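See below for the structure under consideration.
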Amino acid sequence: MEIPEAMLDSSLQLVRWIGWAQRKAGEDWIRERELSHEQAFVLGYLVQNPGMIQREIAEVSRTSAASVSSLLQGLERRELIERRTEDGNERIKRAYATASGAELIAGFDTAMAAADESILTPLNEDERATLHALLTKITADLPEPSR
């Protein structure tokens, strides 16, 4: 496949290309586990924040409560999460990742670190330090990313 010339003459196009490679590595890792991006995000969030209610998950995932309900049902069918009522109140159910759910997504950070290492392989330590310093300088005054 030939790379379009326009992708090679802009520094920010090259940065986007790197971002694409990172995203693809993450998507491939998630797909190998037969999860959607949204399912993997929610499962990871529940591992780190057990006992969240549907409304809180909808807020953090920036989606509707109905979408979250469907997503949780799918994870529940696969026994990756469980929902429990609180103090006999059937209206409030808290979601928890099961041991098999936590195990399924364990290693994502390690896989992404390996992808980053693969992307940076052509650079020696000095070049990596220079790249990091330049990117830090560029991003210093930018607003922080949000999900």
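Quick caveat: nothing in here was measured; it's all calculated off a predicted structure.
- Legend: ring pair (Phe, Tyr, Trp, His ring centres under 6.0 Å) pairs involving residues 53-101, not counting sequence neighbours: none detected.
- Remark: Glu27 engages Arg23 in a side chain to side chain donor-acceptor pair (under 3.5 Å) (not counting sequence neighbours).
- Looking at residues two or more places apart in sequence or on another chain, you find no side-chain contact (heavy atoms from CB on, under 4.5 Å) involving Ser118.
- Residues meeting the ring-ring contact (aromatic ring centres under 6.0 Å, His included) test with Phe108, sequence neighbours left out: Trp29.
- Residues passing the side-chain contact (heavy atoms from CB on, under 4.5 Å) test with Glu103: none are found, sequence neighbours excluded.
- Taking the salt bridge (Lys or Arg N to Asp or Glu O under 4.0 Å) definition, one finds that Asp116 meets it with nothing, sequence neighbours left out.
- The shortest side-chain heavy-atom distance between Val42 and Val60 does not fall under the 4.5 Å cut-off.
- Glu79 is linked by a side chain to side chain donor-acceptor pair (under 3.5 Å) to nothing, counting only residues two or more places apart in sequence or in another chain.
- Atom-to-atom distance recorded for Gln39:CD and Leu71:CG is 5.0 Å, nearest 0.5 angstrom.
- Under the 4.5 Å side-chain heavy-atom criterion for Ile, Leu, Val, Met, Phe, Trp and Tyr, Leu14 and Trp20 are members of the same hydrophobic cluster.
- Listed for the Ser69 side chain is no donor-acceptor partner under 3.5 Å among the backbone atoms of Ala65.
- For Leu123, the side-chain contact (heavy atoms from CB on, under 4.5 Å) partners at least two apart in sequence or on another chain are Leu120, Glu127, Arg128, Leu131.
- The hydrophobic cluster containing Ile53, built from Ile/Leu/Val/Met/Phe/Trp/Tyr side-chain heavy atoms closer than 4.5 Å, also comprises Ile92.
- Taken from CG in Leu72 to CG in Leu43, the straight-line distance is 10.0 Å, to the nearest 0.5 Å.
- The side-chain contact (heavy atoms from CB on, under 4.5 Å) search around Ala58 returns Val68, not counting sequence neighbours.
- Considering every non-hydrogen atom in both Asp126 and Asn124, the closest pair reads N-OD1, 3.0 Å.
- Ser61 and Thr63 share no side-chain donor-acceptor pair at under 3.5 Å.
- Counted within 6.0 Å of CD on Glu32, heavy atoms from surrounding residues, nucleotides or ligands total more than 12; the atom is thus considered enclosed.
- Ser64 places a side-chain N or O within donor-acceptor distance of the main-chain N or O of Ser67, the cut-off being under 3.5 Å.
- Side chains of Arg94 and Glu56 form a contact here, defined as non-hydrogen atoms less than 4.5 Å apart.
- Of all heavy-atom pairs between Ala97 and Leu46, the closest is N-CB, 4.1 Å.
- Among residues two or more places apart in sequence or in another chain, the salt bridge (Lys or Arg N to Asp or Glu O under 4.0 Å) test is passed with Glu76 by Arg83.
- Remark: Ile18 CD1 to Ile119 CD1 distance equals 7.0 Å, nearest 0.5 Å.
- Taken to the nearest 0.5 Å, the OG atom of Ser11 stands 7.5 Å off from the CD1 atom of Ile138.
- Hydrophobic clustering places Leu104 together with Met112 (ILVMFWY residues linked when any side-chain heavy atoms are closer than 4.5 Å, directly or through intermediates).
- Listed by chain and residue number, Asp28 satisfy the side chain to side chain donor-acceptor pair (under 3.5 Å) test with Lys24 (two or more places apart in sequence, or in another chain).
- Taking CG of Leu35 as the start and CD1 of Ile30 as the end, the distance is 7.5 Å to the nearest 0.5 Å.
- Note: Gln54 CD to Met52 CE = 12.5 Å, rounded to the nearest 0.5 Å.
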